[in-house]
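Everything below concerns the one structure shown next.
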Amino acid sequence: MAEVVAGVGTSHVPAIGAAIDHGKTGDPYWKPLFVGYERAREWIAEVKPDVVILVYNDHASAFSLEVIPTFAIGVAAEFPPADEGYGPRPVPMVTGHPDLAWYLTESLILDEFDMTICNVLPVDHGLTVPLSIMFGQPEAWPVRVIPLAVNVIQYPPPTGQRCYRLGQAIARAVASYDEDLKVAIFGTGGMSHQLQGERAGLVNPEFDGHFLDRLGPDPESLLSISHADYIRKAGTEGIELVMWFIMRGALAPDVVEVHRHYHVAASNTAAGLIAYENAPTRS
Ligand SMILES: [Fe+2]
């Protein structure tokens, strides 16, 4: 049977992708950020997932403001890197897992999560930067990927509670899929950041630290943070953190934190990464 075995929460800052693509990861500005990713890369290479369910938000690359799905799932065989204005990132084609993606779609919709089904889905930095953070610059990505896009651009985004429950539904669906597959789930976006307005550049390490401390042992204590409080405390784009609850909800109630990295600043944001495995079950 398939199983969700690991989860990663990570920022998906576009400048991190640009630093990788332009060979700047050893520059004094970027080095401390990338050194902190090394252990996470070693770990994911050991976990060796077959499939990553990658929760991210599209930044007007696949969807415009004309059509805004709250939750969308990619069921295609391939997802091309999107052109975000400077041409597509020089990263490999993202290979999907249509069988599992369709199975998840059916399970989730029948479990009352109304997913938008995407047969065509160009994927932007929201999805490709986390792949680069975790897997570097391979010729081909070493995993198949099921993109799961969440609206955090247009008010109202889904609540943290709803995202957590979607994660739980994903875990149920994966566990009933009749093929031996190791599945990892990435929740991306965040941490605190604000890109525009008078508070542009806002970073709140205290908020981010509390979030990272609670997400593993007591995620439910974070689910009631309101959209207004994310904006107040974590900046207008801090709302992206709700996507981490889909990852956390898909893991077991007890998890082991295997890696954590927090760095300010990456471009004009705080960058965080946290990695979990399900805790061994007690017999
Ligand atoms: Fe984003």
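When a ligand or atom number is given, it counts from 1 through the structure's own listing order. Both backbone and side-chain heavy atoms feed into the values below; hydrogens, waters and symmetry mates do not.
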>> A side-chain contact here means heavy atoms from C-beta on lying under 4.5 Å apart; do V183 and I146 qualify?
In response: no

> the Fe ion (ligand 1): which protein N, O or S atoms are under 2.8 Å away?
Replying inline: H12 NE2, H59 NE2, E240 OE2

>> Assess, by modelled atom type and distance only, whether the side chains of T188 and H12 contain a donor and an acceptor separated by less than 3.5 Å.
In response: yes

> Mind checking what makes side-chain hydrogen bond (donor to acceptor under 3.5 Å, both in side chains) contact with Q137, not counting sequence neighbours?
Replying inline: none

>> Do I53 and Y56 sit in one hydrophobic cluster, given that two such residues count as connected whenever their side-chain heavy atoms are within less than 4.5 Å of each other, even indirectly?
In response: no

> Is atom CG of D218 surrounded by more than 12 heavy atoms (other residues, nucleotides or ligands) closer than 6.0 Å?
Replying inline: yes

> So, Y177 versus S107: side-chain donor-acceptor pair below 3.5 Å or not?
Replying inline: no

